[in-house]
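See below for the structure under consideration.
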Amino acid sequence: GAGFVVWCSALVVLYALHAIGCAFAWPTSTLRTTLVLVLVIHLIVVAWMWRNFAKSGPDPLFSPTGAFLHVAILWTVIAAFVATVLTLGPPLLLATCI
């Protein structure tokens, strides 16, 4: 579930920065750059988790259960990466403040 914790963090931080930027009338380029930077940082964190789980093997102590948990964790992190891209990427293409 750690990947979705990072997704949740990205959601909260992006929307908070968007609200602050609109409330204080930040220039559009500055606001958009800040939002993209925050999204990329969160994507890097999830990708780092993905890489670490993919490189490590299942715990040999828990043979069938460990293998299943390793695969489940790996696919959960992949799902968190895809969810972050699909839910938080496209809104950055819209108008920043209305």
Side-chain angles (χ1 to χ4, degrees):
F4 282 104
V5 170
V6 176
W7 173 84
C8 185
S9 168
L11 180 73
V12 169
V13 172
L14 283 172
Y15 279 99
L17 278 174
H18 187 260
I20 291 168
C22 288
F24 290 105
W26 289 359
T28 303
S29 62
T30 303
L31 180 57
R32 192 173 305 276
T33 303
T34 304
L35 294 174
V36 168
L37 182 65
V38 168
L39 178 61
V40 167
I41 289 170
H42 282 87
L43 286 174
I44 288 171
V45 170
V46 176
W48 173 78
M49 290 174 18
W50 181 0
R51 183 184 64 97
N52 283 345
F53 284 125
K55 285 177 76 173
S56 68
D59 191 358
L61 184 62
F62 306 108
S63 55
T65 306
F68 170 75
L69 289 175
H70 184 265
V71 170
I73 289 170
L74 183 62
W75 280 102
T76 302
V77 172
I78 292 169
F81 185 85
V82 171
T84 304
V85 170
L86 291 178
T87 59
L88 301 175
L92 296 178
L93 303 174
L94 301 174
T96 52
C97 298
I98 298 176

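Note that the structure is predicted; figures quoted are calculated from it, not measured.
- Side-chain contact of Trp7 with Thr87: a donor-acceptor pair under 3.5 Å is present, judged by distance alone.
- Side-chain contact check for Leu39 versus Leu14: some heavy-atom pair is nearer than 4.5 Å.
- Counting all heavy atoms, side chain and backbone alike, Phe4 lies closest to Ala79 at CZ-C, 3.8 Å.
- Applying side chain to side chain contact (heavy atoms under 4.5 Å, CB included) to Val36 and the options Val40, Thr33, Val38, Thr34 leaves one that passes, Val40.
- Linking ILVMFWY residues whenever their side-chain heavy atoms come closer than 4.5 Å, directly or via other members, places Leu17 and Ile44 in the same cluster.
- Counting all heavy atoms, side chain and backbone alike, Gly3 lies closest to Val46 at O-CG2, 4.2 Å.
- Residues Phe24 and Val13 are members of one and the same hydrophobic cluster, defined by side-chain heavy-atom contacts under 4.5 angstrom among Ile, Leu, Val, Met, Phe, Trp and Tyr.
- With hydrophobic clusters built from ILVMFWY side chains whose heavy atoms lie under 4.5 angstrom apart, Trp50 does not share a cluster with Val5.
- Atoms CZ and CG, on Arg32 and Leu37 in that order, are 14.5 Å from each other to the nearest 0.5 Å.
- Within the 3.5 Å criterion, the main-chain N or O of Leu31 finds no donor-acceptor partner in the side chain of His18.
- Using a 4.5 Å heavy-atom threshold, the side chains of Trp75 and Ile78 count as touching.
- Here the closest heavy-atom approach between residue His42 and residue Val6 is recorded as CD2-O, 3.5 Å.
- In this structure, CG in Asn52 is found 11.0 Å from CG in Leu74, a value given to the nearest 0.5 Å.
- No continuous path of hydrophobic side-chain contacts links Leu88 to Ile41 [ILVMFWY only; heavy atoms under 4.5 Å].
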